[in-house]
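Encoded as structure tokens, the structure appears first; notes follow it.
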Amino acid sequence: MAVIRVNNTKGFTVMSNYHFQDKEISLKAKGLLGLMLSLPSNWDYSVNGLVAIVKENKAAVQTALKELEEHKYLKRTRVQDETGRFDYIYDIYEKPYDKLPWTENQCTDIQCTEVQCTENQPQINTNKQITNKQNTKELNTNEYKEKNIKKESVNSVISEYTENKDLQDALHGFVEMRNKARKPLTVRAMKLSLNKLNELALDDVTKIAIVNQSIVHSWSTFYKLQNNNGGQRQLTRKEMGYAF
């Protein structure tokens, strides 16, 4: 018979065995819950924060969190701070909260208010709600900006730049040309190109012609519209943005 010896070291965590023996949740969910229970009570919970300390990607973490929510080990409450920014409060349980004594006994008492039940919940972080409200107000500004930057793309920059469908199509064609040339545009490069386009033309028709001119000649940026480009063929009226 094999002999298993557990060698404990400093910094270990004491927690319930309930979720480890629960056959209804996966090993991934058990591991993530164990990790979350081991974190300090003032840790600022977020999906990106959890991704930063595990090997798995964001999708895997989100799947495990959803599984924990479905089995009542995790409750996420959406809140809004004074600036109007939304965040989540994480309530983490060592045992499904619908199986805890306080849900069956204490809250059946008429004198048990919602506030009392919240304060008496046997969760790992006793002051979790207060801590999270403080953390929400003290969110790192740079991290917030970084999240917004990640959401921005070249396509979204084009959509914000103009509502003219023909001009949008021309700009998407320019982006496609750059991609085929293995010189893809970054968000910053797209913005700089559009600034230059504004300097070269005021009306959309001329802008479309300038963009198509760059596509035809495989230019990596925009130049002043020319009728005859050094002996090269002249743009057709359609390429210049005219409908006829």
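- A cation-pi arrangement, defined by a distance under 6.0 Å to the six-membered ring centre and an angle within 45 degrees of its axis, is present between K75 and Y97.
- Separating the NZ atom in K224 from the OG1 atom in T206 is a distance of 11.5 Å, to the nearest 0.5 Å.
- Between Y73 and Y18, the ring planes are tilted. Angles from 30° to 60° get that label.
- Remark: the backbone N or O of T221 is paired with a side-chain donor or acceptor of S214 at under 3.5 angstrom.
- Comment: K191 engages E152 in a salt bridge, judged by a side-chain N to carboxylate O separation of less than 4.0 angstrom.
- In this structure a side-chain-to-backbone donor-acceptor pair under 3.5 Å is present from E67 to S26.
- Checking side-chain atoms of Q168 against main-chain N and O of T162 turns up a donor-acceptor pair under 3.5 Å.
- Looking at K58, its side chain never comes within 3.5 Å of a backbone N or O of V51 through a donor-acceptor pair.
- One finds a salt bridge joining E69 and R76 here, because a Lys/Arg side-chain nitrogen approaches an Asp/Glu carboxylate oxygen to under 4.0 Å.
- Within the 3.5 Å criterion, the main-chain N or O of K183 finds a donor-acceptor partner in the side chain of R178.
- Ring geometry for Y223 against W219 counts as perpendicular: the plane angle is over 60°, on a 0 to 90° scale with 30° as the lower cut.
- The backbone N or O of A60 lies less than 3.5 Å from no partner atom in the side chain of E56, so there is not a single donor-acceptor pair.
- Side-chain polar atoms of K207 and N198 form a donor-acceptor pair below 3.5 angstrom.
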